[in-house]
Amino acid sequence: MEFSEICEYFDRIESMASRLEMTQILAQMLSKVPAQDMRHVIYLSQGALGPRHHSIEAGLGEGLIVQGIGKATGYQKEEILKMYKEVGDLGTVCQRLAGRKKQRALFSGKLTVEKVFSNFVKISQLSGSGSQDSKLRMFAELINSSGGTEAKYITRIPLGNMRLGIGDPTIMEALALNYTGEFLSDRKMRRKIAEELKEKFDDVPEGEVARKARQRLRAIIEGKYNIFSDLGEIARRLKENGLKGLDEISIQAGTPIRPTLAERLPSSKEIIEKLGKCEVQAKYDGLRVQCHKENGKVTIFSRQSENITPMFPDLVEAVKVQIKAQTAIFEGEALAFNEETEQYFPFQVTITRKRKYDVAQKAIELPLRLFAFDLMFANGENTMPLPFIERGRRLAQIIGKGDTIRIAKSIVTDDAKELEDFFLESIENGLEGIIAKDLNAPYIAGARKFAWIKLKRSYKGELNDSVDLTIIGYFRGRGKRAQFGLGGLLTAVYDEKSDTFRSVTKIGTGMSEQMLSELESKLSKIAKKQKPARVESDIIPDVWTEPKYVIEVVADEITRSPMHTAGAQKGSPGYALRFPRMIKFREKRAEESTSVAEIIEMHKKQGTRQVESPKDGPGAQGPQRI
DNA sequence: TATGACTGCCC
DNA sequence: ATTCTGC
DNA sequence: GCAGAATGGGCAGTCATA
């Protein structure tokens with residue numbers, strides 16, 4: 001199939017606001033894709049080169065793509081960057097510049113989907129000395145074989161951001177649309193659906209049957225995707241064998257399951273109102289891991305279904321030893337643990353675990369604990385449909401003796417006060433909060449369905465201090481933020497000793513579109529060509545501003561920072577905010593914003609965290625009590 | 001050999 | 001991760 | 001309420017270059 005044909009559909013989808021119409025156009029496109037191109041088309045639509053667990057990455061980010069556009073079009077880096085700041089999308093930049101190329105290129109025949117995909121796979125495989133140049137050459141070659149529309153999408157693909165307005169759910173919906181006919185051609189199924197609808201309608205409209213069938217098929221496709229994690233392959237099987245192509249997809253150790261996500265609520269009371277009696281688990285601040293045991297083989301997947309087994313040789317061993325089942329899939333939160341002090345390390349320490357070199361050595365320095373919290377598969381049985389309470393029982397049964405793997409701490413309650421006490425106890429012990437789980441719910445993969453609800457300290461205003469920060473600059477927006485001329489802020493705390501404003505965080509969320517406009521209009525009036533004299537920041541915004549406006553900001557945590565200058569001294573790092581979000585403008589003078597001293601004080605008060613690590617390394621954080 | 005820009009992926 | 005917005 | 005697209009700090013690893 002020609003790549004340009006796909007790009008024409010992409011363009012139509014991108015310009016469409018209506019979800020329903022987008023889905024229809026996508027369905028139409030997919031109906032035209034031959035089986036041998038199907039996986040590629042799906043992956044490219046997702047801005048990817050394969051499912052997450054296959055880890056095929058182009059290795060071309062913004063920086064290299066800017067170079068690549070230069071190579072392809074003959075424009076200077078500066079010109080490209082300037083245009084990027086204005087339009088907010090490198091694909092559009094490439095499309096425009098390729099249209100008025102300085103070097104007239106050889107338009108060498110038509111690009112096929114196969115050609116584009118295989119070139120990106122080749123790009124992804126290049127490594128070692130000189131590889132960046134080779135990648136850029138191949139990228140430029142693709143651009144120079146393209147028309148403008150193709151250039152736009154060829155640019156967006158390696159960046160992983162297609163800006164089409166379609167994600168996995170829309171792709172599944174489109175597939176369901178395309179196979180509803182086949183689904184209903186099964187007489188039994190049609191009759192069954194018609195029967196069910198008779199309860200609602202005296203005279204069942206044909207459209208209703210189709211709609212209900214589509215919903216049911218969507219659920220089937222989603223169910224398969226949830227245990228298979230490869231939408232391209234699902235679409236290919238459908239194309240090749242129709243609905244029976246899905247039959248062979250079943251839960252299997254070694255193939256990641258899309259993890260359940262949690263919703264949020266701001267109080268214990270609301271959680272109980274929503275769930276009634278529920279299990280309340282401690283929420284540990286580490287890495288969420290999905291462990292697969294298949295006889296002697298263990299694979300570990302991340303929350304995004306990446307294969308991260310190489311990071312955890314110790315956990316692999318523990319699964320082999322401690323899990324009393326031939327095959328199993330279970331989930332938990334992995335954290336670094338200090339065996340001497342019996343304390344858990346904060347996330348920033350856990351994440352320093354190595355991925356490739358000196359893995360074993362680091363694993364000894366920072367041993368792990370795994371708090372298991374759910375079970376999806378055991379001894380050949382899919383446990384996902386079982387009620388949570390039963391999965392929990394079985395999980396406890398298969399965890400054998402050992403230090404590494406244990407069950408997450410939890411209580412069962414239908415009382416808001418009890419839940420609140422457990423939450424507060426968790427907070428006091430330095431944990432993130434709690435997750436409440438519906439006792440009767442199955443494992444609902446890949447969805448936020450209020451079966452799991454999280455409550456963190458930062459959701460509760462009375463437990464979480466906000467800070468007042470001075471805006472010292474801003475960044476141009478990308479994508480739909482480009483139209484506002486502002487996509488984020490650079491903010492600072494006030495250092496009384498030196499009368500300077502020192503950067504502490506960028507802010508990119510919490511502001512409405514109206515607020516973005518207001519910010520741009522206010523800040524552009526006090527823009528400065530250079531960094532103002534009283535500002536200390538290693539991060540350079542697109543536009544510096546006079547330190548004047550103060551905003552209220554909420555964050556989950558204060559961390560030591562290698563990038564921000566707030567509180568930084570020679571040889572010791574500064575401070576930053578974790579998960580910052582803007583709340584509102586404050587009517588204050590810049591000098592009245594939160595001070596460096598206050599930030600340091602707030603950092604000290606977080607749990608029992610220390611500034612120095614046990615090894616006295618700079619920037620490291622100490623353990624927290626549990 | 002050391003450093004910094006860049007990338008991908010954790011939260 | 002958090003948050004906002006169109007449907 | 002769903003789905004999608006904006007945006008955050010900061011880690012290890014890769015590659016180019018001083």
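Here is how names work: the chains are called A, B, and so on, in the same order as the sequence lines, proteins then strands, and each is numbered from 1. Any value given below was found using the heavy atoms of this structure, including those in side chains, with hydrogens, waters and symmetry copies removed.
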Fill in: Check ion pair A:K456-A:D556 (N to O, under 4.0 angstrom)
yes
- Got a donor-acceptor pair under 3.5 Å from the side chain of A:T509 to the base of D:dT7? no
Test salt bridge (Lys or Arg N to Asp or Glu O under 4.0 Å), reference A:D89, set A:R478, A:R481, A:R163, A:K480, output is A:R163
Side-chain atoms of A:S131 come closest, of C:dT2, D:dG9, D:dC15, to D:dC15
Assert: residue with more 5' nearest nucleotide on DNA chain C, out of A:Q514 and A:Y459, is A:Y459
Aromatic ring proximity A:Y153/A:Y9, centre distance under 6.0 Å
no
Using a cut-off of 4.0 Å on non-hydrogen atoms, how would the nucleic acid contact of A:T350 be classed: base, sugar-phosphate, or nothing?
nothing
Closest of D:dA6, D:dT14, D:dA3 to the A:Y357 side chain is D:dT14
Heavy-atom nearest nucleotide on DNA chain C taken for A:M582 and for A:F579; more 5' hit belongs to A:F579
Please determine if a side-chain N or O atom of A:K506 lies less than 4.0 Å away from the OP1 or OP2 oxygen of D:dG8.
yes
Regarding the side chain of A:Q132, the nearest nucleotide among D:dC15, B:dT7, C:dC7 is D:dC15
Regarding the side chain of A:S561, the nearest nucleotide among D:dG4, D:dG10, D:dG1 is D:dG10
Between A:R303 and A:P259, the two heavy atoms sitting closest are O-CG, 3.2 Å
- Query: At under 4.0 Å, does any side-chain N or O of A:N161 touch on OP1 or OP2 of D:dA6?
  - Reply: yes
- Item | Presence of A:R355 side-chain N/O under 4.0 Å of B:dC9 phosphate oxygens OP1/OP2 | no
